Amino acid sequence: MTVEYRNQEHRESKAEILRRQSKERFLKYDQEKMISLFHLPHDEESMHIDFLGQTYTINRKNGELMQGARLADLDEMASIYEFLTTATHLPEETGDWRSIAALCTNTTDTSLGRYIEYLQPFEGKLPLMREACQKLGGIPANKGDVSSFIPVFDGITVWFQYWEADDEFPASVQFLWDASIVDFFRWSILWNIMTCITNRMKEVAGIE
């Protein structure tokens, strides 16, 4: 999809528009408050934050987000910028784990089917999935064929649960979030984070 602006010669793709809007939104916020609250490494040009086991660099002048030499994708940008611009205090988890359906109270579309598709390369490879969770810093748990507490940001964890398909039931996946997550993310951004998690799992496992 492209959007053509009247009296302009160039076009912007939908992705370019979303990226520009994300950067513009981020630059409206007080960066010094972000840095102070989260104790972020920084200098005059950039600031750094860890997300799903990787360090991301934010250009403080133009809002561009990089992971190493790679331009961060829109899911990564949405996840990181939402966290930095929404938080007013440090995360403190309660141990009250809730499903995405319980958190998305203003929508009926809470199916996780798309994530089963994203994780399809792990089919029949449960040890590889467990190893991927471990590489993301996950701590094994006891529910599901694969179950792990995966750190997302400092102080924010997701409880990932996966059941492989058998003769009676299809494969299923669950992402449980601490009830305190509503202080840091709109429900819609949780979908971006879950997409980042599945992408990172495939990345560290070396599969697509």
Side-chain angles (χ1 to χ4, degrees), residues 15 18-19 22 38-41 46-59 64-84 87 91 93 97-100 103 111-166 170-178 181 184-185 188-208:
L18 292 174
R19 182 176 296 279
S22 293
F38 295 111
H39 308 290
L40 301 178
S46 61
M47 52 199 287
H48 310 277
I49 186 169
D50 290 339
F51 172 58
L52 288 172
Q54 296 188 119
T55 299
Y56 290 75
T57 299
I58 302 168
N59 185 310
E64 198 64 89
L65 180 67
M66 304 291 294
Q67 198 290 302
R70 174 181 66 83
L71 192 66
D73 66 31
L74 290 174
D75 289 307
E76 294 168 313
M77 180 174 280
S79 303
I80 291 171
Y81 284 1
E82 178 84 358
F83 184 58
L84 290 175
E93 295 182 328
W97 296 98
R98 299 188 182 183
S99 68
I100 193 73
L103 293 167
S111 170
L112 295 175
R114 76 185 78 167
Y115 298 101
I116 293 296
E117 294 182 16
Y118 296 162
L119 293 168
Q120 193 276 333
F122 286 102
E123 184 177 349
K125 303 173 184 176
L126 292 182
L128 189 61
M129 181 181 280
R130 294 190 187 98
E131 182 180 352
C133 291
Q134 185 178 18
K135 287 181 177 179
L136 293 184
I139 299 174
N142 295 320
K143 189 172 183 180
D145 293 323
V146 176
S147 183
S148 184
F149 295 104
I150 298 175
V152 178
F153 291 101
D154 187 14
I156 292 183
T157 305
V158 64
W159 186 0
F160 172 80
Q161 302 171 356
Y162 179 82
W163 290 263
E164 193 167 46
D166 58 26
S172 64
V173 66
Q174 186 65 268
F175 297 84
L176 298 182
W177 299 90
D178 191 88
I181 200 72
F184 300 93
F185 298 100
S188 59
I189 302 299
L190 296 180
W191 300 97
N192 299 93
I193 298 176
M194 294 188 299
T195 299
C196 291
I197 292 169
T198 55
N199 287 340
R200 283 286 289 139
M201 289 175 66
K202 289 185 289 187
E203 179 184 355
V204 299
I207 59 176
E208 291 297 334

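Residues take their numbers from the sequence shown, with the count starting at 1. Just so it is clear, the model here is predicted, and its values are computed rather than measured.
By the salt bridge (Lys or Arg N to Asp or Glu O under 4.0 Å) test, Glu203 pairs with Arg200, sequence neighbours left out. Partners of Ser99 under the side chain to side chain contact (heavy atoms under 4.5 Å, CB included) rule, at least two apart in sequence or in another chain, are Ala101, Ala102, Gln174, Leu176. When the side chain to side chain donor-acceptor pair (under 3.5 Å) test is applied to Gln134, no partner is found at least two apart in sequence or on another chain. Qualifying ring pair (Phe, Tyr, Trp, His ring centres under 6.0 Å) partners for Tyr162, counting only residues two or more places apart in sequence or in other chains: none. Partners of Tyr118 according to the ring pair (Phe, Tyr, Trp, His ring centres under 6.0 Å) rule, which considers only residues two or more places apart in sequence or in another chain, are Tyr115. Under the rule for a side chain to side chain donor-acceptor pair (under 3.5 Å), Gln161 has no partner lying at least two apart in sequence or in another chain. Judged as a side chain to side chain donor-acceptor pair (under 3.5 Å), and not counting sequence neighbours, Thr198 has no contacts. Shown here are the ring pair (Phe, Tyr, Trp, His ring centres under 6.0 Å) partners of Phe38, two or more places apart in sequence or in another chain: Phe83. Among residues two or more places apart in sequence or in another chain, the salt bridge (Lys or Arg N to Asp or Glu O under 4.0 Å) test is passed with Glu131 by Lys135.
Heavy atoms from other residues, nucleotides or ligands lying under 6.0 Å from CD1 of Ile139 number 12 at most.
Here the side chains of Leu65 and Thr57 are not in contact, with every heavy-atom distance at 4.5 Å or above. Contact of the Ile100 side chain with the Phe175 side chain is not registered, since no non-hydrogen atoms from C-beta on lie closer than 4.5 Å. The shortest side-chain heavy-atom distance between Ile150 and Cys133 falls under the 4.5 Å cut-off. Here the side chains of Glu64 and Met77 are in contact, with some heavy-atom distance below 4.5 Å. Side-chain atoms of Trp177 and Val152, non-hydrogen and from C-beta on, do get closer than 4.5 Å to each other.
Interatomic distance, Leu52 CG to Met201 CE, rounded to the nearest 0.5 Å: 11.0 Å. Atom CG of Leu84 sits about 11.0 Å away from atom CZ of Phe51, to the nearest 0.5 Å. Rounded to the nearest 0.5 Å, atoms CD1 (Ile58) and CG (Leu40) are 7.5 Å apart. Atom CD1 of Ile207 sits about 8.0 Å away from atom NZ of Lys202, to the nearest 0.5 Å. Of the inter-residue distances, the one linking Leu112 atom CG with Ser172 atom OG reads 9.0 Å to the nearest 0.5 angstrom. Remark: Ile189 CD1 to Ile80 CD1 distance equals 12.0 Å, nearest 0.5 Å.
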Between Val173 and Trp163, is the side-chain contact (heavy atoms from CB on, under 4.5 Å) condition met? List the steps. CA-CA 6 Å; Val173 66; Trp163 290 263; over 6 Å; no
Assess whether side-chain contact (heavy atoms from CB on, under 4.5 Å) is satisfied between Asp50 and Phe153, documenting all intermediate values. CA-CA 6 Å; Asp50 290 339; Phe153 291 101; over 6 Å; no
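The shortest heavy-atom contact between Pro91 and Gly155 is CB-O, 3.3 Å. Shown here for Ala132 and Ala205, the closest heavy-atom pair between the two residues is CB-CB, 4.3 Å.
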Please list, one pair per line, the donor and acceptor atoms closer than 3.5 Å that link side chains of residues 66-75 to other protein atoms, with sequence neighbours excluded.
{"residue": "Gln67", "atom": "NE2", "partner": "Thr55", "partner atom": "O", "Å": "3.4"}
{"residue": "Arg70", "atom": "NH1", "partner": "Glu76", "partner atom": "OE1", "Å": "3.0"}
{"residue": "Arg70", "atom": "NH2", "partner": "Glu76", "partner atom": "OE2", "Å": "2.9"}
{"residue": "Asp73", "atom": "OD1", "partner": "Asp75", "partner atom": "N", "Å": "3.1"}
{"residue": "Asp73", "atom": "OD1", "partner": "Glu76", "partner atom": "N", "Å": "2.8"}
{"residue": "Asp75", "atom": "OD1", "partner": "Asn192", "partner atom": "ND2", "Å": "2.8"}

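Here the two rings, on Phe149 and Trp97, have centers that are under 6.0 Å apart.
Within the structure, no pair that satisfies the salt bridge (charged side-chain N to carboxylate O under 4.0 Å, His left out) test touches residues 121-130, not counting sequence neighbours. The side-chain hydrogen bond (donor to acceptor under 3.5 Å, both in side chains) contacts involving residues 143-157 comprise Ser147-Trp159, where partners must be two or more places apart or lie in separate chains.
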